[in-house]
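Below, chains carry the letters A, B, ... as their sequence lines are ordered, and counting in each starts from 1. Only this structure's heavy atoms are used, side chains among them; waters, hydrogens and symmetry mates stay out. As the structure is a computational prediction, the values presented were derived from the model and not from experiment.
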Amino acid sequence: MNKQTRKKFLDTLLGGGLIAWLGAIIYPVSRYLVPPRTPDINPDSLDVGKVSDFQTNSAKIVRFGRKPAIVVRDKNDTFHALTAVCTHLDCTVQYKSDTEQIWCACHNGIYDLQGNNISGPPPRPLTQFKINFKNGKIFISRENMA
Amino acid sequence: MNNLMAWLEERFNISAATKFAAKKKVPVFYGTVWYYLGGVSLFLFIIQVFTGILLILYYRPGATTAFESVKFIITKVQFGWLIREIHSWSANLFIFFLFAHMFSVFFSKAYRKPRELTWYSGMFLLFMALGFGFSGYLLPWNELSYFATKVGTDIAGAVPGIGEFVLRLLRAGDDVSGATLSRFYGIHVAILPAIFTLILGLHLVMIQVQGMSVPPEQENLPAEKKKYMPFFPNFAMRDFLIWLIVLNVIALLAVFFPWDLGIKADPLSPAPAGIRPEWYFMFMFQTLKLIPAHVLFIEGELLGILAFAFGGIVWFLVPLLDRKAHQGKRSKFWTFFGIALIVYMIVLTIWGYLV
Amino acid sequence: MKRLTFLLFFLIGLNPVFPLQSDSRDACISCHITVDEDLDDGDKIMPHFYDDVHYEKGLSCADCHGGDPTAFDDEDAAMTDSDSFLGEVTRDMEPEVCGKCHSDPSYMRQYTAHVKTDQVEQYWTSMHGMRLKEGNDKVAVCTDCHGLHGIRAVSDTRSQVSDFNVPGTCSRCHSDAEYMAEFKIPTDQFAKYKTSVHGKALLERRDSAAPACNDCHGNHGAQPPNIAHISDICGTCHVNNMNLFQNSHIAEIFSKRQLGQCAGCHNYHDIAKPTDEFISWSDKSICRRCHKDNENAKELATGLYNIINNLKMQNSVAIDKVENAEQRGMEVSDLQYELEDVHQTLIQTRTAIHSFNTEYVQKVADKGFKAAEAAITGADNAITELLFRRKGLFVASLIISFLVIVVYLQIRSYEDKD
Ligand code: HEM
Ligand code: FES
């Protein structure tokens, strides 16, 4: 092979390699730029559904971050949102519509709708979340974060 | 292609630059390998800027959003994990190569006249890179970074007189909080990149103007014994080759050794066991831990800080202090000083990780 | 005026001296304090009494022992000559003496709005009270549990009857075989209780919500609960378990055969942490204690056991997979929520067992199976993603290696020239 053709050949290889290399960079970057289909999780507040999804005197367990939260619409159509993790031994609590209380089935722990532990084993109240309404939807968020 | 060159030439007289570049040559001797370190650092910085800008597109500073947005990047955004991993790995390698570059320059006495300013600018760059690392570490707002920042800023607060002020300035308040995060973010993505780029530019211009330095022994050789290779294309291609390898290594590390996101910082929770700074701060951190609480009449921590400040100044001013180098001679003392420093840093870093 | 306020504050500031002032106003203390000084440390009364709630609230000796606390320097007038003087309060007098105030709502109201004044009344219905009536004063009286001359409020953690101290206090007598001999009741309750789930929770984990003796036996009206009603007591905390059981077909049989309800399987005092093997058909089976080789029982038990066991297995598969994905560097913290859901369902399923209805238990467990499925799928996806990353890395490495070789050849070709 003479020098001239060898150089040409090498240059072609270099050009091809560079193009492939650029491709290997541009491909992931362009995919990165496409916004993901899952809507941006807004960690400040969680959309827990429409007001009309909740019947009077009922509740829903929703997932807030890694932990469950309970959203209650009470008899007066006031909404309450609390962590749903019992402060006794971490069972998930539920809403008792007959007494309008939050109830932990594990050892009969009872909280009021403000989250105060009012009877049974739970040593501490449940944390309350802030509730906001927007376009007929309910959003809950952590209170006073730094 | 030729037309374009002609068009440009007409307007910018770029042939001056290409002529300069064509003449540029690199000394060939046993120490030539060290010349690659600066180039690798430059490449890593370019990667940081590139991936950093990409991260900004999704990252959201703030105590309630930072952690979540980084998690979003690495779980939901396509190839987000890759961008973040490369940014994290390349940040660490960047610091590593900067240190390596600095020591290679130190031992080849490249700081001697006429390159004192290059050394000073390089020291600024290293200092700012540490600032990049320190401020970037907090950005994911996880438990480890939160407490490391708390401890790190606390150390600044130990300086008498101005300590309190500096602490508040760094933290944007009395405690590490969302305000600190905003501040660190600003420092990390705006203030430091702007100043860094400027000084990096100066650093590179000085190198171009002065050419590569060689150690005293090489310089003193008779002209016919000195060997060179052209910068373009020989050295540049070698640079490129090494950069490619570094890039591949980063990709490998990113896939096989991803950085953990950890758990979200909770300012109210007690500090977890085993909080430690980034590895490049470890030798200082460990030193401060080892100094007794009180040495004579001053506080141990303060003594440590003063010692580091003093050491830093000495190191910074080495072009002034090492008089022998200017006469083209190697000073045994400074060589020993450099070796002792490396040994000290390695030993304390390892020590820090063992305990 | 200013001066006056100052003086007032000054006096309040002197509060620590207050006891001394009151002592000098109380004839009993002013004499007995000198008597006390001659006693051995163990027998001294005053140091204890200064810590007593009654003393804190301003009561003094005469309020229990009678006498005239205003008769300074006159022993006879202070004691024997006084109509109200009781002297030593014997054990059998205690309920009455304490009840003088504690059973009087209008008196007690001055100390607390939530008056409870039925203690003595309840006491007489208790085993302790009944025996005392019969003239046996070895049984517990007020001071045995509440202390003497150093009585503390029940809410005070130093009280012998505060949350964590109850079992120890009861066991002082009830675990003393010699002392209890004449009553012919077992004395191993405390030893058993200590090893039980409840005992461990209360005494080791310091969970003040865990039941102590009084939570099942009552306080002042202490009685052994009737075996037939024990489940109502367990049910005050374990509501679902009780309801499910009482509506099950087994409840009736248990009551016919006088097996008790909860205690029939779980025992009492030594209630061990239940295991799933209770309802298996292995040697650890509780069912087989009665149903030796009954096919129907076997089918029911194994049916229930299998549901739990399958869920447990799914759970551990899910945990392993998620852990594996995590260890391999994938971000799967969202799957923790799913795992938690499986864990919750497992608890609910174990509760559901008490219905002894396979269909129902399966329905409860299904939620857990679904969550476990979701966790497993999530973890599998993470691993697929990991493999995708490796493949991508492989392709990128190929390209880069190719380029590296070409660049190397290029360099060689320049350098050949010279
Ligand atoms: C213009 C240049 C840069 C920009 C725009 C930038 C931007 C960012 C952003 C947005 C983040 C947060 C996302 C994340 O945590 O992954 C970040 C993190 C970080 N940056 Fe930079 N960066 C730049 C340069 C650098 C440099 C030069 C260094 C090296 C010293 C560095 C070190 C770090 C570190 C250590 C992190 C934390 C990585 C992690 O744990 O996630 N950055 N950077
Ligand atoms: S776990 Fe909720 S009451 Fe025990």
Side-chain angles (χ1 to χ4, degrees), chain B residues 22 25-26 28 32 36 43 67-86 88-89 140 142-143 227-264, chain C residues 318-319 321-341 343 371 374-418:
Chain B
K25 52 190 184 164
V26 178
V28 179
T32 303
Y36 296 113
F43 175 59
F67 180 85
E68 284 80 357
S69 68
V70 175
K71 188 162 149 188
F72 182 71
I73 291 173
I74 63 176
T75 53
K76 299 278 160 42
V77 181
Q78 298 183 67
F79 292 102
W81 61 274
L82 182 64
I83 306 296
R84 176 185 183 241
E85 290 306 333
I86 291 182
S88 302
W89 267 114
N142 57 29
E143 202 174 43
K227 277 197 271 169
Y228 293 97
M229 73 164 106
F231 185 82
F232 284 110
N234 300 40
F235 195 80
M237 277 305 229
R238 284 180 163 80
D239 256 340
F240 183 50
L241 192 145
I242 292 176
W243 293 9
L244 284 173
I245 294 174
V246 168
L247 182 67
N248 209 351
V249 168
I250 293 177
L252 220 99
L253 291 170
V255 170
F256 285 101
F257 304 95
W259 293 84
D260 226 1
L261 179 55
I263 56 173
K264 185 177 172 164
Chain C
I319 290 175
K321 288 211 165 190
V322 171
E323 240 167 38
N324 177 34
E326 198 165 24
Q327 266 165 17
R328 295 171 78 174
M330 302 304 290
E331 167 55 49
V332 285
S333 59
D334 280 353
L335 299 180
Q336 298 294 345
Y337 184 87
E338 243 69 56
L339 291 183
E340 186 51 38
D341 228 19
H343 176 72
I376 290 171
T377 319
D380 284 346
N381 286 345
I383 296 297
T384 314
E385 162 74 14
L386 183 76
L387 295 180
F388 169 73
R389 288 179 188 184
R390 295 195 173 165
K391 269 186 240 151
L393 174 71
F394 181 72
V395 172
S397 299
L398 271 188
I399 294 175
I400 294 178
S401 307
F402 174 73
L403 204 50
V404 165
I405 294 169
V406 175
V407 170
Y408 175 74
L409 292 177
Q410 287 266 2
I411 295 171
R412 283 257 314 254
S413 84
Y414 311 133
E415 274 157 38
D416 270 1
K417 272 185 252 162
D418 350 290

> Taking only residues two or more places apart in sequence, or in another chain, which ones meet B:Phe240 in a ring pair (Phe, Tyr, Trp, His ring centres under 6.0 Å)?
Replying inline: A:Trp21
> Does B:Trp259 offer a backbone N or O that forms a donor-acceptor pair with the side chain of B:Arg84 under 3.5 Å?
Replying inline: yes
> C:Asp334 and B:Thr75: side chain to side chain contact (heavy atoms under 4.5 Å, CB included), yes or no, with the steps?
Replying inline: CA-CA 10 Å; C:Asp334 280 353; B:Thr75 53; 5.6 Å; no
>> Only pairs of heavy atoms separated by less than 4.5 Å count here; which of B:Ile74, B:Val255, B:Asn248 has the most with chain C?
In response: B:Asn248
>> Only heavy atoms, only distances under 4.5 angstrom. Which residues in residues 389-397 of chain C are near chain B?
In response: C:Arg389, C:Arg390, C:Leu393, C:Ser397
> Which bit of C:Glu331 is near chain B, if near means a heavy-atom gap under 4.5 Å: side chain, backbone, both or neither?
Replying inline: both
> Just wondering, do B:Val249 and B:Trp89 contact through their side chains at under 4.5 Å, heavy atoms?
Replying inline: no
> What part of C:Glu326 is in contact with chain B, defined as an atom under 4.5 angstrom from a non-hydrogen atom: side chain, backbone, both or neither?
Replying inline: neither
> Going by an N to O cut-off under 4.0 Å, is there a salt bridge joining B:Arg238 and C:Glu415?
Replying inline: yes
> Which answer fits B:Leu82, side chain, backbone, both or neither, if we ask what part of it has an atom under 4.5 Å from a heavy atom of chain C?
Replying inline: neither
>> According to side-chain contact (heavy atoms from CB on, under 4.5 Å), who are the partners of B:Leu241, at least two apart in sequence or on a separate chain?
In response: B:Ile245, C:Val404, C:Val407, C:Tyr408, C:Ile411
> What heavy-atom pair brings C:Val332 and C:Ala382 nearest, and what distance separates the two atoms?
Replying inline: CG1-CB, 3.9 Å
>> Does any backbone or side-chain atom of B:Phe257 lie under 4.5 Å from a heavy atom of chain C? Answer side chain, backbone, both or neither.
In response: neither
> What residues form a salt bridge (charged side-chain N to carboxylate O under 4.0 Å, His left out) with B:Glu85, not counting sequence neighbours?
Replying inline: none
